[in-house]
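Working notes, structure below.
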Amino acid sequence: MPELPEVETVRRGLAPALEGCRIRLATQRRANLRYPLPDRFAERLTGRLVERLDRRAKYILARLDSGEVLLIHLGMSGRFTIHPPEGGEAAPGQFHHATPESGAGTGKHDHIIFDMEDGTRIVYSDHRRFGFMDLIVEADLDANPHLASLGPEPLGNEFSAFTLSERLRGRRAPIKAALLDQRTVAGLGNIYVCEALFRAGISPNRSAASVAGPQRSERLARAIREVLNEALAAGGSTLRDYAHTDGELGYFQHSFAVYDREGDACSKPGCGGTVKRIVQSGRSTFYCPRCQK
DNA sequence: CGGGACTCCTGCCAGC
DNA sequence: TGCTGGCAGGAGTCCC
């Protein structure tokens, strides 16, 4: 689920339940996710006020009144569900709005539980456990290894054709691999890299360096911003009164032009090509060999 | 250093 | 129906 648009959607969904709210009780049901949880993880969260919820790349950052930041990465399968108090009403904008049921948070893969002061229960579950959480002193945040080497936010002001070009120059790796590298641009994953390259008409096999010129880098930078913005809009628009807990977010998956569409006719008007699947550094790439050059 | 292969973990689905 | 292999939205580590 989680590339930038999904993580931002999750952040927005969690915000009403967390921002300005105090954690009455945090519970960890195992000692590790992808990595060991920090010492006394649950105790350090219990009683804390969540002052603000931010996002950087694919990370969610919960700033706490203790001066620490709870860093959250959803990995491949990390999910939050929000369970309003019995008899309570879901705030507008909440997602994964589960019907209040005792037993929420007791599933096999429910690893972390936040019981908020107002009775809302927030459950983090992650069946593959590629996600992780950490607690970091706020002053040390920028130096944190997870965050320190991240490239620019693609929807932020510092991202442009020029900054993209600078980060592609001289790199011999395929552009597909370079874009998955979070040091190039932060927040892209397999889906949106495929989609952005399709929109830009750039072959995933082309070397990163060969995309560093002004024309291609401009097209690619624009395509990245476009696809992320559209996905964000699709995710956000369907989150309101979203009533499932199956982890599906938004409906942008119906708008994929190439991702998971092997064998389909290319959607570019007049192209006539067929979407192909190849494997690059162990991961599927979908593209149209006809119009992506 | 850059880049590619491998790794972690579990679930699901197609194919036999 | 049941088993097997392949694949899944990520990214750190190791090795050349």
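The chains referred to below are lettered A, B, ... by the order of the sequence lines, with proteins before strands, and numbering in each begins at 1.
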Problem set entry | Salt bridge A/D65-A/R22, side-chain N to carboxylate O under 4.0 Å | yes
Seminar exercise, completed: Those residues at least two apart in sequence (or on a different chain) that pass side chain to side chain donor-acceptor pair (under 3.5 Å) with A/R63 are A/D54, A/E138
For this session: Looking only at side-chain atoms of A/Y35, point me to the closest of C/dG12, C/dG9, B/dG4.
Result: C/dG12
Exercise. Between A/E3 (CD) and C/dA11 (C1'), how many Å, whole number?
Worked result: 13 Å
Exercise. With a non-hydrogen cut-off below 4.0 angstrom, is A/P5 in contact with a base, only sugar-phosphate, or nothing?
Worked result: nothing
Problem set entry | Rounded C1' spacing from C/dG9 to B/dG3 in Å | 23 Å
Exercise. Taking atom P of C/dA11 as reference, at what distance in whole Å does atom CD1 of A/I72 sit?
Worked result: 15 Å
Seminar exercise, completed: Separation of C/dA11 atom C1' from A/N190 atom CG, nearest Å, is 12 Å
Problem set entry | Interatomic distance where CG belongs to A/L179 and C1' belongs to B/dG2 [whole Å] | 16 Å
For this session: May I ask you to verify if any side-chain N or O of A/K58 is less than 4.0 angstrom from the OP1 or OP2 atom of C/dG10?
Result: yes
Seminar exercise, completed: Rounded to whole Å, CZ of A/R167 lies from C1' of B/dG2 at a distance of 16 Å
For this session: Kindly assign one of parallel, tilted or perpendicular to the pair A/H146 and A/Y59, based on the angle between their ring planes and the thresholds 30° and 60°.
Result: tilted
Problem set entry | Short side-chain N/O contact to C/dG10 OP1/OP2 from A/Q182, under 4.0 Å | no
Exercise. Side chains of A/R261 and A/S267: is there a donor and an acceptor less than 3.5 Å apart?
Worked result: no
Problem set entry | Carboxylate-amine/guanidinium proximity below 4.0 Å for A/R169 and A/E166 | no
Exercise. Nearest to the side chain of A/A177 - C/dG10, C/dG12, B/dG4?
Worked result: B/dG4
For this session: For A/R183 and B/dG3, give me the distance from atom CZ to atom P, rounded to whole Å.
Result: 8 Å
For this session: Report the distance from atom CZ of A/R283 to atom C1' of C/dG9, rounded to the nearest whole Å.
Result: 7 Å
Exercise. Does B/dC9 pair with anything, Watson-Crick or G-U wobble, both distances under 3.5 Å, and if so, with which nucleotide?
Worked result: none
Problem set entry | Where protein sits on nucleotides 5-16 of chain B, one letter per nucleotide: B base, S sugar-phosphate only, - none, heavy atoms under 4.0 Å | S--BBBS-----
Exercise. Taking C-beta and beyond as the side chain, do A/E68 and A/R48 meet within less than 4.5 Å on heavy atoms?
Worked result: no
Exercise. So which nucleotide from C/dC7, C/dG12, B/dG3 ends up closest to the side chain of A/Y59?
Worked result: C/dG12
Problem set entry | Ionic contact status for A/E195 with A/R199, cut-off 4.0 Å | no
Problem set entry | Euclidean distance, atom CG of residue A/D134 to atom C1' of C/dG12 [Å, nearest integer] | 14 Å
